[in-house]
Amino acid sequence: MTNEQIEILGARENNLKNIDLTIPRDQLVVITGLSGSGKSSLAFDTLYAEGQRRYMETFNAYARQFLGEMERPDVDKVNGLSPVISIEQKTVSRNPRSTVGTITEVYDFMRLLFARASTAYSPVTGKAMVKFSEEQLVEKITKDFSGKKIAILAPLVKARKGHYRELFEQLMKQGYVRVRVNGELKEMVKDMKLDRYKIHDIELVVDRMKVDKETTPRLKSTLKTALKMGKGDVQVLNLDSDAHWHFSKNLICPTSGISLPEPEPNLFSFNSPYGACSYCSGLGEVVEIDMSKLIPDLSKSVKQGGIVPLGENKNGWIHQQVDAILKQYGASSKTPLKEVDDTAIQVILYGTDDKIEVELSGGMKMNTRYEGLIAYIERHAEEDGSASVRKWAESFMNKKACPTCNGSRLKEASQNFKINKATIDQLAQMSIEKLSLWFEQVDGSFDTKQLRIAKEPLKEIRDRLSFLNNVGLGYLNLNRSAKTLSGGEAQRIRLATQIGSQLVGVLYILDEPSIGLHQRDNEKLIRSLKTLRDGGNSVIVVEHDKDMMLESDYIVDIGPGAGVNGGEVIAKGKPTVFLKQGSITADYLSGKKGIVLPNTRRKGSGKFLQLEGASGHNLKGEGIQIPLGTLTVVTGVSGSGKSSLISHTLYPILSAHFYNSQRKPLPYKKVKGLEHLDKVIEIDQSPIGRTPRSNPSTYTGIFTDIRSLFASVPEARIRGYQPGRFSFNVSGGRCETCKGGGLKLVEMNFLPDVYVECESCNGKRYNRETLEIYYNGKNISDVLNMTIEQAVHFFENYRNIHNTLKTLNDVGLGYLTLGQHSTTLSGGEAQRVKLSTELSKRDTGKTIYILDEPTTGLHFQDVELLLNVLNRLVEKGNTVLVIEHNMDVIKSADFILDMGPEGGDGGGNVVATGTPEQVIKIKKSITGQYLKKEI
């Protein structure tokens with residue numbers, strides 16, 4: 001082995017079969033293979049885990065006791081390993097304060113730039129504000145007022161009430177004679193005072209003089225005193241014309257006299273109390289009660305549930321109070337709300353300061369205060385009590401842009417500072433592509449001094465924006481909340497940050513960075529990865545993308561199958577060598593294998609789902625028409641509006657129609673064709689469960705039948721065991737040490753928590769007595785450890801169980817075990833478990849399935865299996881609507897809806913519709929150009 005290689009010896013982590021592998025350093029290496037073949041086990045669980053463990057070992061024993069011991073990955077030896085940085089998809093911050101700008105630090109540099117090199121503008125006149133040093137003031141006054149009689153005034157009181165007798169006495173003791181009160185010059189006299197209930201402006205006359213060369217020393221001394229007494233502000237009064245001018249060492253408006261403090265970076269921070277809008281606390285949005293949810297139908301009475309939060313026919317304390325209010329206004333709980341006095345409804349909603357008389361049982365009466373229904377709901381929404389009560393309260397509320405800061409998150413003071421006529425929040429709302437262009441042209445708006453100050457922040461901002469553009473994120477803006485980013489977007493942001501850090505000699509490991517990227521943007525991403533490599537780093541990418549593989553320096557193919565059938569290196573080498581090695585991946589890359597075009601495109605049922613006037617985010621309000629009974633694919637460059645149209649507009653509309661969902665769609669005008677559908681199912685790549693208790697058998701529901709089967713075994717019946725005995729979620733049959741989890745959670749300070757095998761049951765989940773019950777030679781733990789492929793044969797006599805297992809096997813998940821913890825499933829695997837669960841159900845042929853990038857994490861062969869599943873759903877009469885960039889899926893579609901033409905503001909239009917053959921003829925469709933090469 002040389003220093004130019006990373007050598008892995010005896011890797012056995014998860015399903016790896018004791019593999020030995022040598023990977024070239026300082027190269028772009030792609031690790032590929034079928035889903036579940038062991039790619040991530042090699043890249044993340046072996047290489048990254050070993051790199052992280054070695055890093056931990058550099059800490060002293062005292063520090064390590066807080067970090068806990070990191071388990072050594074199951075590998076004999078790893079040689080030539082550099083410091084490792086992993087860039088995964090799962091590291092998306094859920095904090096509402098985290099934005100694209102704060103993650104990439106671009107916004108931090110912009111805050112510094114605005115604090116040091118922006119121009120302040122008066123909030124009253126809109127003119128540029130000025131500030132002077134003492135020398136500049138002397139020079140300006142000498143020049144502008146030469147030969148004129150002036151008074152130098154020090155502002156002491158600005159727009160405040162009071163009689164100020166003590167102030168006048170104090171000034172007279174100091175030897176001053178005159179003041180200017182509310183614009184009028186007055187001599188001070190003993191016991192002088194003002195009307196204490198009126199608002200006053202008071203300036204002290206420090207000196208009066210005729211400006212000429214002889215008075216310059218006197219002017220200097222006077223200004224020094226005036227600036228000290230006026231706390232940096234001074235006024236010059238022309239004694240002949242009574243006109244006055246404002247000057248200041250701080251920022252001041254020469255016309256109105258309004259002054260502003262020097263800006264600091266935290267004035268532009270929405271995470272600092274100094275800069276955050278006080279109404280929304282820097283979040284940019286507020287939660288408000290939605291009246292249409294409180295009183296949706298005025299024809300109903302309170303008794304009939306006309307005021308939704310009160311419910312129907314209830315008799316709690318709040319209901320007795322509402323009855324008393326209605327009675328007071330000549331109505332009752334049976335009166336339709338449209339006939340009730342408006343004042344009564346206002347009192348019910350907003351409460352009253354007056355006490356109301358409530359009639360109690362037994363004829364007693366009680367005077368009490370009533371807070372109002374809205375205050376009652378808001379109180380429950382903010383309390384830390386029951387989650388269900390909070391959810392109930394939040395169901396009557398909507399999020400909307402903060403009315404004070406209009407979503408900018410910042411205090412009004414930040415709006416007074418501009419660079420090239422733009423405020424910081426206007427820049428944060430621009431797409432990164434436009435912002436990058438703006439910063440390239442901004443130099444001309446700075447003066448020499450500002451440009452010198454701005455040089456370093458500008459360099460950092462330009463570099464970071466350029467990196468974000470290069471990884472295909474030009475359509476995002478800096479204000480975009482981090483929690484709304486997809487896994488692929490978050491990963492590419494971290495990639496851009498790493499490129500910006502310009503480290504050398506590092507091993508970067510990336511997990512499918514091409515997710516969510518259009519073919520066009522993919523080329524930018526590949527260039528960025530090559531930049532990282534050319535900087536003297538090793539880059540390992542776990543990837544299925546054809547272009548990425550062909551552009552790489554070295555390919556490693558793990559296989560031949562998935563799960564227990566994988567874990568071996570079946571081909572490796574430079575792309576030219578790799579293509580000749582005959583693995584499944586090589587055959588797909590070289591064109592020997594491929595996903596064939598369908599013979600005919602389905603026309604559908606002849607019915608349509610129409611959406612008109614969708615205008616949320618960047619959508620331009622064009623109507624769309626989806627043919628039902630088809631496989632329809634929504635395409636377009638990254639940020640063109642695909643998810644806004646389908647996931648954020650159409651899906652919430654359908655969900656509200658079929659299931660009364662509370663999720664609010666983006667703005668639209670109308671939707672037609674809902675009568676042709678009876679349900680909507682969204683199948684995404686979110687985990688099927690968030691704890692080790694969830695697994696494919698529990699998610700699909702077959703575990704209930706398996707438990708009943710074990711309970712019917714003669715030995716179990718003799719012992720009196722019920723199906724519950726074989727559940728690992730309830731006491732009785734489970735191992736009580738790990739509570740049936742098989743794993744125990746170990747909390748790691750400063751690091752993610754880790755799960756370790758339970759020492760009592762050795763990961764079997766059950767106690768000894770339960771494990772003594774056997775069916776066909778297997779106990780319940782053995783069954784959970786079976787692969788789906790084995791279980792298909794094992795349960796072939798049990799139709800319910802067999803059918804579901806066969807569907808899971810057909811979608812290419814035969815290598816998973818029945819009890820595999822859902823936390824270990826990849827996004828693609830979780831999605832296919834959901835798909836197969838739907839497939840095994842009885843359907844009406846009127847369902848619409850919505851999938852967002854289902855090919856994530858899928859190999860060419862897995863994509864073929866996925867298409868078979870989707871086609872089976874369509875052949876039953878259902879509609880499948882897919883958002884996708886994968887050309888194999890796009891070319892297999894019956895109907896394409898292409899969004900664009902660009903991302904961000906340049907997108908939101910429907911560029912092309914029709915079959916793939918029709919779309920490739922439309923020149924302005926970027927997708928069509930790439931599709932043409934495939935077809």
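- Crowding of Lys293 atom NZ: a count of heavy atoms from other residues, nucleotides or ligands under 6.0 Å exceeding 12.
- With hydrogens and angles disregarded, no donor-acceptor distance shorter than 3.5 Å links the side chain of Ser655 to the backbone of Pro652.
- Within 6.0 Å of atom NZ in Lys620, more than 12 heavy atoms from other residues, nucleotides or ligands are found, so the atom counts as buried in its surroundings.
- A donor-acceptor pair shorter than 3.5 Å cannot be found between the side chains of Thr497 and Glu105.
- Ile424 places a side-chain heavy atom less than 4.5 Å from the side chain of Tyr107.
- In this structure, Arg527 contributes its side chain and Asn470 its backbone to no donor-acceptor pair below 3.5 Å.
- Side-chain atoms of Pro309 and Leu294, non-hydrogen and from C-beta on, do get closer than 4.5 Å to each other.
- Under a 3.5 Å cut-off, the side chain of Thr104 and the backbone N or O of Val100 do form a donor-acceptor pair.
- A 6.0 Å sphere centred on CD of Gln346 holds more than 12 heavy atoms belonging to other residues, nucleotides or ligands.
- Rounding to the nearest 0.5 angstrom, the gap separating the CG atom in Leu476 from the CG atom in Leu435 is 12.0 Å.
- A donor-acceptor contact shorter than 3.5 Å links the side chain of Lys411 to the backbone of Pro273.
- By the salt bridge (Lys or Arg N to Asp or Glu O under 4.0 Å) test, Glu371 is found to be paired with Arg379, residues two or more places apart in sequence or in another chain being considered.
- Phe439 and Phe109 have their aromatic ring centers separated by at least 6.0 angstrom.
- Here the straight-line distance linking atom OG of Ser638 with atom CG of Leu473 works out to 8.0 Å at 0.5 Å rounding.
- One finds the CD1 atom of Ile883 at 4.5 Å from the OG atom of Ser643 (value rounded to the nearest 0.5 Å).
- Within the 4.5 Å cutoff, side-chain heavy atoms of Glu884 are placed close to those of Pro854.
- Here the side chain of Ser436 pairs no donor or acceptor atom with the backbone of Glu433 at under 3.5 angstrom.
- Salt bridge annotation for Glu902-Arg520: present, with a cationic side-chain nitrogen under 4.0 angstrom from a carboxylate oxygen.
- Although no hydrogens or angles enter the test, the distance criterion places a donor-acceptor pair under 3.5 Å between the side chain of Thr99 and the main chain of Leu478.
- Under the 3.5 Å distance criterion, the side-chain polar atoms of Lys642 are left unmatched by any main-chain donor or acceptor of Asp898.
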Might you work through the side-chain contact (heavy atoms from CB on, under 4.5 Å) test for Leu881 and Leu650, ending with a clear yes or no?
CA-CA 11 Å; Leu881 186 57; Leu650 185 62; 3.7 Å; yes
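- With hydrogens and angles left out, the side-chain atoms of Asn406 and Ser408 include no donor and acceptor closer than 3.5 Å.
- A donor-acceptor pair under 3.5 Å is absent between the side-chain atoms of Asp511 and the main chain of Ser40, judged by distance alone.
- Between the side chains of Asn271 and Ser269, not a single donor N or O lies within less than 3.5 Å of an accepting N or O.
- Counted within 6.0 Å of OH on Tyr279, heavy atoms from surrounding residues, nucleotides or ligands total 12 or fewer; the atom is thus considered open.
- The aromatic rings of His885 and His518 sit perpendicular to each other, their planes meeting at more than 60°, with 30° as the lower class boundary.
- Side-chain N or O atoms of Arg492 include one that pairs as donor or acceptor with a backbone N or O of Val471 at under 3.5 Å.
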Using the side-chain contact (heavy atoms from CB on, under 4.5 Å) rule, take Leu267 and Tyr274 through it: C-alpha gap first, then chi angles, then the decisive distance, then the call. CA-CA 6 Å; Leu267 174 68; Tyr274 187 68; 3.8 Å; yes
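- Contact check for Ile318 versus Leu373: side-chain heavy atoms found under the 4.5 Å cut-off.
- Rounded to the nearest 0.5 Å, atoms CG (Asn522) and CG (Leu517) are 5.5 Å apart.
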As a quick check of understanding, evaluate side-chain contact (heavy atoms from CB on, under 4.5 Å) for Arg462 and Val442, giving each step before the final call. CA-CA 11 Å; Arg462 284 168 181 161; Val442 77; 4.0 Å; yes
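- Contacts classified as salt bridge (Lys or Arg N to Asp or Glu O under 4.0 Å) and involving residues 262-277 (residues at least two apart or in different chains) are given here: Arg116-Glu264, Lys131-Glu262.
- When side chains are defined from C-beta on, Trp438 counts as touching Ile419, because their heavy atoms get closer than 4.5 Å.
- For the atom pair CD1 (Ile499) and CG (Leu532), the distance works out to 5.5 Å, reported to the nearest 0.5 Å.
- Of the possible donor and acceptor atoms, none in the side chain of Thr855 sits under 3.5 Å from a partner among the backbone N and O of Leu858.
- Remark: Cys402 SG to Leu283 CG distance equals 9.5 Å, nearest 0.5 Å.
- Taking 4.0 Å as the cut-off between side-chain N and carboxylate O, Glu285 and Lys399 count as a salt-bridged pair.
- More than 12 non-hydrogen atoms from other residues, nucleotides or ligands lie less than 6.0 angstrom from NZ of Lys524.
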Please step through side-chain contact (heavy atoms from CB on, under 4.5 Å) for the pair Leu503 and Ile85, ending with a clear verdict. CA-CA 11 Å; Leu503 293 172; Ile85 293 176; 3.9 Å; yes
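- A donor-acceptor contact closer than 3.5 angstrom is absent between the side chains of Glu512 and Thr856.
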